[in-house]
Amino acid sequence: MKVNFKLRKGKKTNTILLDFRHGRTIRYRTSTGLTIRNGSEKYWDAKKCKIKKPNDITNADSINKQLIEWENEIEEAVVKLINHNKLTQLNCIKCIKKIVKGEKKENDSKDQISKTNVVLDFFDWFLKYYSINNSPSTKKPIKPGTLKTYKNSRNFLNKFLIFKGYNKFCFEDIDEKFYNDFISFGRNKDYSLNYIGSIIQKLKTIISYAYDKDIHKNQEFKKRYFSKFSEEINHPYLNEAELESIRLLKLSCEEKDNIRDIFLVGCYTGLRVGDLSKFLKNPKMHKEGDKYFIMLKQNKTSNEVYVPISSKIQKILKKRNGKFPIYSHQNKINTTIKSIAKRAKINEDYILEKTLGGEKVCIKKPKYKFISSHTARRSFCTNA
């Protein structure tokens with residue numbers, strides 16, 4: 001029996017994998033969910049399956065501790081399977097998933113909270129626990145989209161702490177100087193005002209929850225200066241004439257034609273990108289009387305919505321023999337719709353105003369370059 005941990009290099013982060021082997025027939029590999037930023041992979045000890053010391057990884061000690069615990073727990077669980085004559089590939093996988101994926105009793109997880117005052121360690125616990133358990137605010141597990149924004153905030157904080165040379169950053173270290181330095185770091189990286197504000201909001205949520213759980217007594221996050229900020233940005237929309245020019249455009253490429261129709265359905269329904277994608281994976285219409293509706297539960301709010309099938313959507317369905325366009329990934333839509341809008345001659349100059357690096361800037365480009373999947377919902381709301 002061998003429990004190994006290996007590092008898989010990625011474009012943005014390096015993921016730690018678990019590789020379990022027993023004999024010649026039983027093998028299971030899975031992601032542990034633990035990551036190391038790019039540039040720090042040189043501190044990974046492939047032989048010992050741990051992070052070397054010294055290093056520049058702020059939560060290295062907690063990662064190494066977790067790996068050791070997992071290794072011991074997995075070995076004990078497999079020995080029990082052997083003793084009870086229940087050693088199979090499936091049973092091994094079940095045991096490993098239960099250990100690594102955090103399927104533990106709620107009380108056990110709560111006990112773990114009180115042991116750490118380190119912000120990043122608590123952040124990691126928060127993300128892992130509330131991805132499968134009800135959060136204190138929504139009473140539901142954190143949605144994948146929201147979870148992604150929390151992870152972005154956690155990674156941003158990690159980069160800041162490495163830049164400032166913090167070895168161990170605790171909740172008591174949070175004060176006005178930290179807040180100002182944190183914002184300055186984002187501005188120097190030329191992040192937008194809204195992006196920095198979103199990160200502040202998520203960080204306040206973590207600090208507030210830790211405070212409510214008596215992890216710390218620092219109330220700096222309650223002061224007026226520790227605020228989330230935002231600005232309205234004049235993102236473009238497409239008017240009815242521009243949408244019609246896109247609809248009437250002749251496209252010989254089947255993939256582009258499909259993406260064009262996905263975009264138009266979004267423009268005529270106002271559905272969020274995530275909701276539209278979910279619907280297109282399994283498109284079913286609801287009929288009331290002689291009218292048809294798109295019926296779905298929204299990802300963000302969990303509310304049910306009924307969207308009428310308008311005459312414009314009916315034209316798309318008629319062209320496609322009564323079928324909706326096939327699902328395509330949001331990134332693919334964002335890339336392709338720009339070239340489609342360009343061919344539809346939506347190329348007049350457009351000036352986008354936003355705050356970057358703490359300064360108000362005006363970005364002037366042909367309008368089609370600003371078009372994305374989010375333009376669809378914006379167009380629906382404006383035209384309606």
Side-chain angles (χ1 to χ4, degrees), residues 1-116 118 120-133 141-142 144 147 151 154-155 158 168:
M1 174 171 44
K2 189 67 177 176
V3 180
N4 284 322
F5 296 98
K6 299 182 179 181
L7 200 65
R8 180 175 64 191
K9 294 183 179 180
K11 292 182 179 180
K12 295 183 179 180
T13 56
N14 303 301
T15 304
I16 299 177
L17 302 177
L18 182 147
D19 188 13
F20 172 80
R21 301 187 186 195
H22 183 80
R24 296 183 179 181
T25 57
I26 298 177
R27 180 175 180 181
Y28 178 59
R29 176 177 285 195
T30 185
S31 171
T32 63
L34 300 175
T35 60
I36 298 173
R37 70 179 181 88
N38 272 355
S40 294
E41 57 269 15
K42 59 187 176 183
Y43 298 113
W44 178 255
D45 190 328
K47 290 184 178 180
K48 295 183 179 180
C49 301
K50 302 291 184 297
I51 299 172
K52 301 175 184 177
K53 293 184 179 182
N55 56 69
D56 63 357
I57 304 168
T58 55
N59 60 335
D61 289 340
S62 63
I63 290 177
N64 281 342
K65 182 181 177 182
Q66 182 66 82
L67 296 179
I68 293 171
E69 289 177 357
W70 280 338
E71 183 178 358
N72 293 335
E73 289 177 24
I74 291 170
E75 288 179 350
E76 289 176 6
V78 174
V79 168
K80 286 183 179 179
L81 290 176
I82 295 173
N83 292 339
H84 290 84
N85 198 27
K86 293 182 179 180
L87 183 65
T88 64
Q89 170 87 0
L90 182 60
N91 286 339
C92 281
I93 292 175
K94 286 181 178 179
C95 286
I96 294 172
K97 279 185 175 181
K98 186 174 182 179
I99 293 169
V100 177
K101 302 302 181 182
E103 297 175 6
K104 299 180 179 181
K105 293 182 180 179
E106 187 174 348
N107 290 335
D108 293 340
S109 297
K110 286 183 178 179
D111 291 340
Q112 292 176 14
I113 305 173
S114 61
K115 296 177 183 178
T116 179
V118 180
L120 283 178
D121 290 349
F122 186 86
F123 213 137
D124 289 336
W125 174 87
F126 185 94
L127 294 176
K128 184 176 181 180
Y129 184 77
Y130 288 116
S131 64
I132 57 176
N133 294 284
I142 299 176
L147 196 63
K151 289 180 179 179
R154 189 263 181 215
N155 292 336
N158 188 40
K168 196 174 183 180

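For the atom pair E69 CD and I99 CD1, the distance stands at 11.0 Å (nearest 0.5 Å). Rounded to the nearest 0.5 angstrom, L17 CG and L34 CG are separated by 10.5 Å. To the nearest 0.5 Å, the span separating NZ on K42 from NZ on K52 amounts to 10.5 Å. Within the model, atoms NZ of K48 and CG of N64 stand 10.5 Å from one another, a figure rounded to the nearest 0.5 Å. Note that CD1 of I74 is 5.0 Å distant from CD1 of I96, once rounded to the nearest 0.5 Å. Note that CH2 of W125 and CG of L127 are 10.0 Å apart. Values are rounded to the nearest 0.5 Å.
More than 12 heavy atoms of other residues, nucleotides or ligands shown are found within 6.0 angstrom of NZ on K6. Heavy atoms of other residues, nucleotides or ligands lying less than 6.0 angstrom from CZ of R8 number 12 at most. Within 6.0 Å of NZ in K168 there are 12 or fewer heavy atoms belonging to other residues, nucleotides or ligands.
Smallest separation of non-hydrogen atoms from S31 and V100: O-CG1, 4.3 Å. Nearest heavy atoms, N14 versus R37: ND2-O, 3.4 Å. When every heavy atom of S40 is checked against every heavy atom of D56, the shortest pair comes out as OG-OD1, 2.8 Å.
Between I36 and E41 there is no side-chain heavy-atom pair separated by less than 4.5 Å. Put simply, the side chain of T30 does not reach to within 4.5 Å of the side chain of K97, judged on heavy atoms. D124 has its side chain within reach of R154: a pair of non-hydrogen atoms, C-beta onward, lies under 4.5 Å apart. Between I51 and W44 there is a side-chain heavy-atom pair separated by less than 4.5 Å. The shortest side-chain heavy-atom distance between L81 and C95 falls under the 4.5 Å cut-off. Counting heavy atoms from C-beta on, the side chains of L120 and N158 come closer than 4.5 Å. T35 has its side chain out of reach of I16: every pair of non-hydrogen atoms, C-beta onward, lies at least 4.5 Å apart. Annotation: side chain of V78 is not in contact with side chain of I26 (no heavy-atom distance under 4.5 Å).
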Verdict with reasoning, I82 to H22, per side chain to side chain contact (heavy atoms under 4.5 Å, CB included): CA-CA 11 Å; I82 295 173; H22 183 80; 4.0 Å; yes
Audit row: F20, C92, side chain to side chain contact (heavy atoms under 4.5 Å, CB included) steps and yes/no: CA-CA 9 Å; F20 172 80; C92 281; 4.1 Å; yes
L90 vs K94, side chain to side chain contact (heavy atoms under 4.5 Å, CB included): CA-CA, chis, key distance, verdict: CA-CA 6 Å; L90 182 60; K94 286 181 178 179; 4.0 Å; yes
Chi angles and distances behind the side chain to side chain contact (heavy atoms under 4.5 Å, CB included) call for N4, R21: CA-CA 8 Å; N4 284 322; R21 301 187 186 195; 5.7 Å; no
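Side chain of N55 to backbone of Y43: no donor-acceptor contact under 3.5 angstrom is found. Side-chain atoms of D45 never come within 3.5 Å of backbone atoms of K50 as a donor-acceptor pair (strictly under, hydrogens ignored). In this structure a side-chain-to-backbone donor-acceptor pair under 3.5 Å is missing from N91 to L87.
Below 30°, between 30° and 60°, or above 60°: for F126 and F122 the angle between ring planes is between 30° and 60°, a tilted geometry.
Ionic pairing of K53 and D61 is present here: one or more N-O contacts between side-chain nitrogen and carboxylate oxygen are shorter than 4.0 angstrom.
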